[in-house]
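The block underneath contains the structure these notes are about, expressed in C-alpha cells.
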Amino acid sequence: MRLATWNVNSAKSRLPRLLPWLDERAPDVVCLQETKLSDADWAAELDGPIAERGYEIAHHGQGRWNGVALLSRVGLTDVVRGLPDEPEFDGSVDARAVTATCGGLRVTSVYVPNGRTPDDPHYGFKLRWLEALRRQVTGGDAATTVVAGDMNIAPTDADVWDPAVFVDSTHVTPPEREALAALQATGLQDVVRDRWPTDRVFSYWDYRAGRFHKDLGMRIDLVLCGADPAGRVEAAWIDRKARKGSGPSDHAPVIVDLDDAPDGDIGPVVPPPSTPAKLPNRT
DNA sequence: ATGTCACGTGAAACGTGA
C-alpha cells in the first residue's frame, strides 16, 4: 500500500500537477493540505477527475484558507471532519484535519497552524491545536494510526537549511517541538527520518530567492506511523520531482510504501518451479 | 534582495497569509 501526503497550496491551481502526479505515483491513500476550496467548489472542480482515477474522497474545506482531504482506493469509511474539542481562532474552527479508515489504518490528514510568530496569538493556537490532535490519537488505537500532513514544525535543527536563520522563529521553538514529541510519544514514528537518519531531507522550499534550486528548505511535512504501519515500511521518501518544473506547490509530496502482508503471512505459497517442458525442436 | 505564490476584491493594484 502506497501512502502519500502533499500540501498542494491550492488544489484548484495545482490540478495540472496533481492529476499527472496521481497517475505517475499511483498512491493508494493521499492526504492533501491547503486545498483552499469550499466543499462545494472542491466537488465541482476536483471530485470528477479524482473519482475517475478510482479514489473515494473526503474533503473538509473552508474556502480561501486551509482545507484538507483524504483520497483512498483501499476503502474510506468512518470519516470524521475536524478534531474533538478543536480549538478556535478568531471565533471559529478552521478546516485543518480529516480522518478516515483506509486499508485498515486510521489516517488523519492534518494542516497544523503556522503560528506566524512566537508572540502572535496564532502561536498559542498552534500549541492548543497540537494538543487537541494528541488527544484524538490517545482516544483511538495508536497502533493502527497514521497522522500525515504539514506539521509546520521542523523536528530538529537537521530539518532546516540553516538553524541560525530560524532563531526565534516559529517551526523550531522548543514548545512546538515538545508538542510534536508529545504527539509522537503516543506511539507514532517519523518514518522518513527513521529511513534517512543522517541525510539532508527537505519537503518545503520557499518560492523566493531560488531556495529550491539551492536546496535551502525545511522538513515540515511528516508521516507519523503507529506500530503496525511503522513495522511495514518498505520505502519512505520525498518526491522532489513534484517540486520542479512549472507551477509547483512550494511543498513536495512525502511517499511511504507499506508491506501489505500482515505479520506471519509470508504471502502466497508458490510451488517450486517445475522443469520447463522442452520446446519441440524446429527443423 | 523583503527576491514568490495564491486568493479576494472588483476590474488594477493591493492586502493578507504563507
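Proteins come first, then strands; the chains are lettered A, B, ... in the order of their sequence lines, and each starts at number 1. None of these values were measured; they are calculated from a predicted model.
Proximity of residues 168-179 of chain A to DNA chain B (heavy atom under 4.0 angstrom from any strand atom) is not detected for any residue.
Taking A/D120 as the reference, nothing meets the side chain to side chain donor-acceptor pair (under 3.5 Å) condition, with sequence neighbours excluded. Annotation: side chain to side chain donor-acceptor pair (under 3.5 Å) contacts of A/R135 (sequence neighbours excluded): none. For A/D39, there are no salt bridge (charged side-chain N to carboxylate O under 4.0 Å, His left out) partners at least two apart in sequence or on another chain.
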(message) Run the salt bridge (Lys or Arg N to Asp or Glu O under 4.0 Å) test on A/R200 and A/D215 for me, step by step, so that the C-alpha distance in whole Å, both residues' side-chain angles and the decisive distance to 0.1 Å come before the verdict.
(response) CA-CA 9 Å; A/R200 183 182 177 95; A/D215 197 24; 3.1 Å; yes
(message) Walk me through whether A/F166 and A/H171 qualify under ring pair (Phe, Tyr, Trp, His ring centres under 6.0 Å).
(response) CA-CA 8 Å; A/F166 293 91; A/H171 297 63; 7.7 Å; no
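OP1 and OP2 of B/dC5 both lie 4.0 Å or more from every side-chain N or O belonging to A/R14. Contact annotation: A/S249 does not reach the phosphate of B/dC5 (side-chain N/O to OP1 or OP2, under 4.0 Å).
Taking atom P in both B/dA6 and B/dG10, one finds a spacing of 22 Å when rounded to whole Å. Between B/dT2 and B/dC7, the two P atoms lie 25 Å apart (nearest whole Å).
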(message) For DNA chain B, please output the secondary structure as dot-bracket, reading 5' to 3'. Pairs are Watson-Crick or G-U wobble, both atom distances under 3.5 Å; mark crossing pairs with [ ], other-strand partners with |, unpaired with a dot.
(response) ...((((((...))))))
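Criterion: ILVMFWY side-chain heavy atoms under 4.5 Å apart, direct or through other members. Under it, A/L183 and A/V110 are part of a common hydrophobic cluster.
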For nucleotides 13-17 of chain B, list the nitrogen or oxygen atoms of the protein found under 3.5 Å from its nitrogen or oxygen atoms, one pair per line.
| unit_1 | atom_1 | unit_2 | atom_2 | d |
| --- | --- | --- | --- | --- |
| B/dG15 | N2 | A/R64 | NH2 | 2.2 |

